[in-house]
Every structure is written in structure tokens, then in C-alpha cells.
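So the structure is just underneath, and the comments pick up after that.
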Amino acid sequence: MDIKWFGHSCFQITDSIGRTVVTDPPDDSVGYTLPPIRADIVLVSHDHFDHNNVEAVLGSPIVIKHPGIYKAAGIDVKGVATYHDDAGGKLRGTNTVFCFTMDDIRLCHLGDLGHVLDDNEARMIGDVDVLLVPVGGTFTIDARGALAVMDKLKPKLVIPMHYRTPALAFDLDPVDKFIKAARGRKVLGPEKILHVSREDLDQQKIVLLEYVS
């Protein structure tokens with residue numbers, strides 16, 4: 001499969017037969033200008049402007065916004081209910097973690113997860129091969145929280161997201177803070193497009209992506 005990052009929490013994941021999932025497309029005001037992208041499925045972790053710009057995605061995608069079990073475009077999707085903060089949603093509401101399988105690889109997009117997962121949430125998510133994890137703090141878990149979630153889920157490949165870049169219109173921690181906290185772990189990239197196969201999942205690694213504009 002191929003994974004492209006369009007900034008913030010927006011990825012396009014395309015499997016070997018061309019099926020495409022797009023996650024959390026942002027509004028232009030966030031600072032990232034989305035190029036023309038298409039999808040069979042759009043996953044929206046929560047209904048905030050920096051994650052829910054589904055109108056920007058071409059085609060006639062199936063849009064999934066809520067927890068539950070789904071099958072769309074032949075792809076199994078599971079949404080797990082979590083929170084956008086560490087106060088049970090009282091500050092910023094709910095967040096849906098999405099897990100889905102493509103090319104026999106199980107991906108997990110954490111959206112704007114605002115707290116470290118408890119054991120029950122981790123069990124509901126289950127096995128994870130590729131983890132897309134926010135690291136920028138302020139509105140989500142920060143570097144330490146991201147590492148704690150990694151230790152819970154034990155993914156083989158970790159892609160950080162939702163952090164400060166020159167394009168972002170508001171302030172978050174830079175990815176360097178996460179990389180520094182992850183000292184001793186293997187870090188690769190940045191890559192423009194990440195090609196992933198099962199053979200790449202032999203040991204845990206962190207891969208940085210360049211955002212596509």
C-alpha cells in the first residue's frame with residue numbers, strides 16, 4: 001500500500017488494487033491546501049473544521065463519522081469511541097479512533113485522541129500494524145502521551161501527525177519534541193510517499209512523512 005500525508009491528520013491510503021481511504025481532511029484555514037484527492041472511503045474522527053472537510057474529497061466516497069463496525073468498498077472498518085480531551089469529553093467532546101485493514105495490514109488512525117488509552121479501549125482497538133498518532137499536544141496527546149499509547153498498542157510502524165509545521169495556522173509542538181522523547185527507537189524519513197508491505201513490519205519503527213501540497 002501507499003500512504004501519503006496531506007498535513008495535520010489527513011492521509012490518503014491506497015491499497016494494491018486501488019481502493020483508497022482518506023482520513024480527516026482539513027479546511028483550508030488550517031494552513032494546508034489539499035490538492036485534488038479522491039477516495040472510496042472518508043473517515044472523520046470528529047466534527048471539527050480541521051478534520052471534517054469531506055467536500056474537498058473527489059469521487060462519491062462513503063463517509064464514516066461514528067463508532068461502530070462497517071464494511072465499505074470491501075474494506076472492514078471499526079470505529080472505537082474515545083475522547084478529545086482527558087476530562088471525559090467535557091472540554092472538547094468525543095473522538096473516534098478508526099481501525100481498518102488493507103492488503104492484510106491493520107491500520108489505526110487515532111484522530112484527535114486527547115488521553116492515554118485505558119486497557120479496555122486498547123482491547124477494543126486490538127492488533128495494530130500501522131499507527132497514525134497525534135504528537136503535537138494542546139488539543140491532543142503530546143509526545144509522552146503518544147509514546148504511552150504506542151506502548152499500549154505495540155504497532156510495528158508509527159507515523160506521527162497533528163504537529164506544528166511551517167504551513168500550520170496555529171501553534172502545536174513540533175515533531176522534534178516527539179522524536180527526542182522517542183530516543184532509542186528507530187526513526188526513518190522523511191518520506192514523500194511511504195510504501196508499506198508486510199515485509200516492512202519486522203520491527204517497530206517511526207517514519208516521518210513530508211506533507212504533500
Side-chain angles (χ1 to χ4, degrees), residues 1-28 30-80 95-113 125-134 153 155-162 165 167 188-201 207-213:
M1 76 174 59
D2 291 341
I3 302 177
K4 297 179 183 178
W5 183 45
F6 293 98
H8 215 41
S9 300
C10 184
F11 294 87
Q12 183 186 55
I13 302 109
T14 306
D15 71 8
S16 58
I17 61 173
R19 296 177 300 183
T20 300
V21 173
V22 167
T23 64
D24 282 5
D27 184 271
D28 286 348
V30 176
Y32 300 102
T33 300
L34 292 181
I37 56 173
R38 63 162 294 278
D40 298 299
I41 302 170
V42 178
L43 303 176
V44 177
S45 64
H46 62 293
D47 208 21
H48 289 176
F49 72 96
D50 52 337
H51 296 260
N52 68 353
N53 188 19
V54 296
E55 293 80 9
V57 182
L58 302 177
S60 300
I62 297 165
V63 179
I64 302 175
K65 292 187 172 186
H66 304 291
I69 304 295
Y70 305 88
K71 194 174 188 74
I75 296 171
D76 293 320
V77 178
K78 182 179 186 180
V80 177
N95 174 74
T96 302
V97 169
F98 284 108
C99 309
F100 51 102
T101 301
M102 302 171 75
D103 287 338
D104 197 32
I105 295 171
R106 196 156 191 270
L107 300 98
C108 178
H109 185 280
L110 293 177
D112 267 11
L113 181 68
I125 289 169
D127 294 335
V128 176
D129 296 313
V130 178
L131 182 67
L132 310 172
V133 58
L153 297 179
K156 292 298 186 183
L157 195 155
V158 176
I159 302 173
M161 64 179 184
H162 206 279
T165 72
L188 302 175
E191 304 282 348
K192 288 187 176 180
I193 301 176
L194 183 61
H195 308 286
V196 183
S197 64
R198 288 224 59 89
E199 290 72 27
D200 300 314
L201 306 176
V207 181
L208 303 179
L209 297 186
E210 296 179 13
Y211 59 87
V212 178
S213 59

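All heavy atoms count here, side chains included; hydrogens, waters and symmetry mates do not. This one's a predicted model, so the numbers in the text were calculated from it and none came from an experiment.
- Using modelled atom types, no side-chain atom of D27 and backbone atom of F49 make a donor-acceptor pair closer than 3.5 Å.
- Among pairs with a residue in residues 62-80, those fulfilling salt bridge (Lys or Arg N to Asp or Glu O under 4.0 Å) read D47-K65, K71-D76, at least two apart in sequence or across chains.
- With sequence neighbours left out, the ring-ring contact (aromatic ring centres under 6.0 Å, His included) criterion links Y32 to Y211.
- Between I125 and V97, the shortest heavy-atom distance links the atoms CD1-CG1, 3.9 Å.
- A donor-acceptor pair under 3.5 Å is absent between the side-chain atoms of H109 and the main chain of S45, judged by distance alone.
- In plain terms, the two heavy atoms of S9 and H51 that are nearest each other are OG-CE1, 3.2 Å.
- Residues D50 and H162 meet the side-chain proximity criterion, which asks for heavy atoms closer than 4.5 Å.
- Contact check for S197 versus D103: no side-chain heavy atoms found under the 4.5 Å cut-off.
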Test side-chain contact (heavy atoms from CB on, under 4.5 Å) on K192 and V212; report intermediate values, then the result. CA-CA 7 Å; K192 288 187 176 180; V212 178; 5.8 Å; no
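- Listed for the T33 side chain is no donor-acceptor partner under 3.5 Å among the backbone atoms of S213.
- Within the 4.5 Å cutoff, side-chain heavy atoms of D104 are placed close to those of R198.
- The side chain to side chain contact (heavy atoms under 4.5 Å, CB included) test with P155 singles out one residue from V128, L132, D127, and that residue is V128.
- Salt bridge D40/R38: present, at least one basic N to carboxylate O contact under 4.0 Å.
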Can you check side-chain hydrogen bond (donor to acceptor under 3.5 Å, both in side chains) on D112 and H48, steps first, answer last? CA-CA 10 Å; D112 267 11; H48 289 176; 5.2 Å; no
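- Residues F11 and L209 form a side-chain contact, since some pair of their non-hydrogen atoms from C-beta on lies under 4.5 Å apart.
- Considering V207, L153, V133 in turn, V133 is the only one that fulfils the side chain to side chain contact (heavy atoms under 4.5 Å, CB included) rule with V158.
- Side-chain N or O atoms of D24 include none that pairs as donor or acceptor with a backbone N or O of G111 at under 3.5 Å.
- Side-chain atoms of V21 and F100, non-hydrogen and from C-beta on, do get closer than 4.5 Å to each other.
- Considering D200, D2, I3, L208 in turn, I3 is the only one that fulfils the side chain to side chain contact (heavy atoms under 4.5 Å, CB included) rule with L194.
- Residues V22 and P61 fail the side-chain proximity criterion, which asks for heavy atoms closer than 4.5 Å.
- No side-chain heavy atom of I159 sits under 4.5 Å from any side-chain heavy atom of M161.
- The shortest distance between side-chain heavy atoms of N52 and H46 does not fall below 4.5 Å.
- The two residues G79 and F98 have their closest heavy-atom pair at CA-CD2, 3.8 Å.
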